[in-house]
Structure formats: C-alpha cells, structure tokens
Amino acid sequence: EKGGYEHFMLKEIYEQPRSIYDCMRGRIYPLEGKVQLGGIKEYTEKFKNAQRIIIVACGTSWHAGLVGEYLIEEYARIPVEVEYASEFRYRNPIINENDIVIAISQSGETADTMAAIEMAKEKGATIFGICNVVGASIPRLSHAGIYTHAGPEIGVASTKAFTAQVTALTLMAFYMAETKGTIAKSKLIGLLSELERIPKLVEKALQSDQYILSIAEKFKDVRNALFLGRGSGFPVALEGALKLKEISYIHAEGYPAAEMKHGPIALIDEEMPVIVIATKNSSYEKVISNIQEVKARKGVVIAIVTEGDTEVTKMADYSIEIPHTDEAFLPLIATIPLQLLSYHIAVLRGSNVDQPRNLAKSVTVE
Ligand code: M6R
C-alpha cells in the first residue's frame, strides 16, 4: 500500500504532481481566464462585499493560511488575518455578519479549529472550509467550502495536503479577484496557464532528491537549524522548520529573513545550517544581503535557488535548484526540497518518519 516507497511520507511527497493536479482539475479554465468553484458559487456576492477575511487553522494548515493571506491580499485586495485557531477561540474576537472565516484543515477534525468556527458562526460570520477528508466535521459545520482532493494522507507530517491547501487557496484568491474585478483578464489568463504547469514543475523539483539526500548525510547530526524566507517564502520557511522538527527531532526555527538580525543572528556559527529560500523574485536582492550576513558570521548556507542561478550559488555552501515560476506559485515548488530534506535527515537518524513520537495525525482534543 506504500506503492513501493519505504514510507508513506515519501510516497505522499512524490504524489504531489498528481494531488495538485487533482485539486485544480475541472476548476480552472486558462484559455478563458476563469475559475469555477462550485462549492462557493452561491456566496459570490458575499466575497464581493467582504470587508475582511479571517483564516483559522493549526500547524501546517496555518502555514497554508499565511500563503493564502499573501495571495488574497495581492490579487483580491481583501484584508486577511491569519489566526491560530487555539488563540482565536479563547480571545473575545470582534466578528460580525460581514466577516468571512476560512477554516483550513486536512483532517477536518481538529478540535481547536472546530471550536473556532463554531464561535464565529454563532457571531454571524460566514464559514468556508478547506478540507481534505470528505464529510469530516469541519465541512459539515461550514456554510460552504472546497475540498482539496489530495487523497488520503497517512504520514503524520503533512506534505501533499499542504500543497493542495495552497492550491485551493490560490484558486479562491483568483476566484475572488475575478469576481471583484481586481485582476485584469489577461493577467489571470497568464497566471492560470502557469498554474496548469505547476504539476510538471513539481515533478522537476523532485528530481533533486539524490542531491538532497547527499546534503542530508552531511547535516543529519546537527542540533539546530534556521529556515529563512521573505514574502511568501516566509511561510515556506516556517513549514520547512516544522517538518524538520516533527520528524527528525532537530530543533528548527523559521523566520522572516529580515528578522534574523533582531535576534536569531546570535545563534549563527559553523555548526548551524541556515536554509534560505533565495529564488529569483521580488525579494531576491534583499535575500542576497541576508545570505551575506550569515556568511560573514561563518554560517553554513543551504539555499533554495532558481534554476540557472549564479549569484546565490557563488555564496551558498549548497544550492538546491527549483524551476522558475511566477512568484504567486513559489510556495508550491519551494516546499518540495524542504520536505525531502526533512524526510532524509529523519530516516538517516532512524526516526519513525510516518509516526513521529508524541504526535497524532489528527488532534481531536485541545
Ligand atoms: O488536520 P489539520 O490540518 O487540521 O491538522 C493541523 C495540524 O495538526 C497539522 O497540520 C500538524 O501540524 C501536522 N503534523 C504538520 O505536519
């Protein structure tokens, strides 16, 4: 049932070209510049008039939410807040009938996320669910929503569910942008044609697997790791750090690259790898200065770079190439090498990758 793979996690990492495709299948029409989301169609007016959107989730799903914030604000121009469900539910949040709450959950059973939407619903908000497990509690509690269609995820560490959540949020952001008229038709046509290519690009990113294994062999015994990114590369950094800590038990932190000098820079030495999302996009030059800061302190840099890059490659100790894509889709590609890196480090350390200690696949108690 692992389809020839040693672990479910590896199988699920490799399933991503397919799961991302399944998430967008029948929902995008690149030639016409149209997105169709049956699940939320009745609520088009609601999105048109939305003053703000609150995203609630936990763990990896919360990271997907941060990517969603970036996309919805960029394209649909609706203000977004991303909240840990556990914090949101115990505050006395200001919510009214004009608010849209999007709950993201692979399992659809996470206790804190459920409680958060129950509360928001009571206060009159409209609830949308982005879930993977069909018919789970969160979809049943929501007014509407869309399924991610990633297929069953068995590994406790979320991989294909994350990229499917990001794909679903991308579709929602484009859908809202289209209905609100905040995106030009020609721009949307271009973005949707690129989105259609993403499964192929993910396949390409997976080809660095052996090289990533060789990096994992060098770093398997480290005690700490720092992940840095800017823009939508920041949630990718958070996700990379979470993946590493949960399956390899190495302490890892994700930070916005510019925040490094406000504290974490003190940790940098020859021992600690700093994994940097340094692809060619709007923050490229800024990230290069951050890498220089790490190198000046004798830090070890593992960079995720755009294919053909020479500038970062010169400075970094190791560079993992990913294919170029529009900045909107960067998280879908840049996450892949980080999943593989964590996987290989965890296997080399002898951890139980699919069922890491102390963790459950769905957290149904708070
Ligand atoms: O099922 P959910 O998406 O609601 O689960 C949320 C988190 O428990 C989950 O993402 C957790 O952080 C994963 N183990 C991360 O890999």
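Atoms within a ligand are numbered from 1 in the order they appear, just like the ligands themselves.
- Note: no N/O pair closer than 3.5 Å links Thr113 and ligand 1 by distance alone.
- Contacts classified as side chain to side chain donor-acceptor pair (under 3.5 Å) and involving residues 66-75 (residues at least two apart or in different chains) are given here: Tyr70-Glu327.
- Each of the atoms 2 (P), 3 (O), 10 (O) of ligand 1 lies under 4.0 Å from some heavy atom of Ser61.
- Contacts of Thr110 with ligand 1, taken as heavy-atom pairs under 4.0 Å, involve the side chain alone.
- Not a single heavy atom of Leu359 sits closer than 4.0 Å to an atom of ligand 1.
- Between Thr170 and Leu191 the shortest side-chain heavy-atom distance does not fall below 4.5 Å.
- In terms of protein heavy-atom proximity, atom 1 (O) of ligand 1 is closest to Ser107 OG, 2.7 Å.
- Within the 4.5 Å cutoff, the side chain of Tyr284 has no heavy atoms near those of the Arg230 side chain.
- Remark: minimum distance from atom 10 (O) of ligand 1 to any protein heavy atom is reached at Thr60 N, 3.1 Å.
- At least one heavy atom of Lys243 sits under 4.0 Å from some atom of ligand 1.
- The local environment of NZ in Lys200 is sparse, with at most 12 non-hydrogen atoms from other residues, nucleotides or ligands closer than 6.0 Å.
- Within a 6.0 Å sphere centred on CZ of Arg349, other residues, nucleotides and ligands contribute more than 12 heavy atoms.
- Counting heavy atoms of neighbouring residues, nucleotides and ligands inside a 6.0 Å radius, atom NZ of Lys180 exceeds 12 of them.
- Looking at ligand 1, you'll find an N or O of Ser158 within less than 3.5 Å of one of its N or O atoms.
- Cluster membership check: Ile320 does not share its hydrophobic cluster with Ile291, using side-chain heavy-atom separations under 4.5 Å among Ile, Leu, Val, Met, Phe, Trp and Tyr.
- Nearest protein neighbour of atom 16 (O) of ligand 1, counting heavy atoms only, is Glu246 OE2, 2.4 Å.
- Close to ligand 1: Ala157, with a non-hydrogen atom less than 4.0 angstrom away.
- For ligand 1, the atoms sitting less than 4.0 Å from at least one non-hydrogen atom of Val156 are 13 (C), 14 (N), 16 (O), numbered in the order shown with element in parentheses.
- Residue Leu242 has no N or O atom closer than 3.5 Å to an N or O atom of ligand 1.
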Discussion item. Is there a side-chain contact (heavy atoms from CB on, under 4.5 Å) between Leu359 and Glu246? Walk through the geometry before answering.
Written reply: CA-CA 8 Å; Leu359 287 167; Glu246 71 179 332; 3.6 Å; yes
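- With respect to atom 8 (O) of ligand 1, the closest heavy atom belonging to the protein is Val363 CG2, 4.0 Å.
- Atom 7 (C) of ligand 1 has as its closest protein heavy atom Cys58 O, 3.7 Å.
- Each of the following atoms of ligand 1 lies closer than 4.0 Å to a heavy atom of Ser105: 1 (O), 2 (P), 3 (O), 4 (O).
- For Arg52, the CZ atom counts as densely surrounded, since its 6.0 Å shell holds more than 12 non-hydrogen atoms of other residues, nucleotides or ligands.
- Not a single ring-ring contact (aromatic ring centres under 6.0 Å, His included) links Tyr147 to another residue, sequence neighbours left out.
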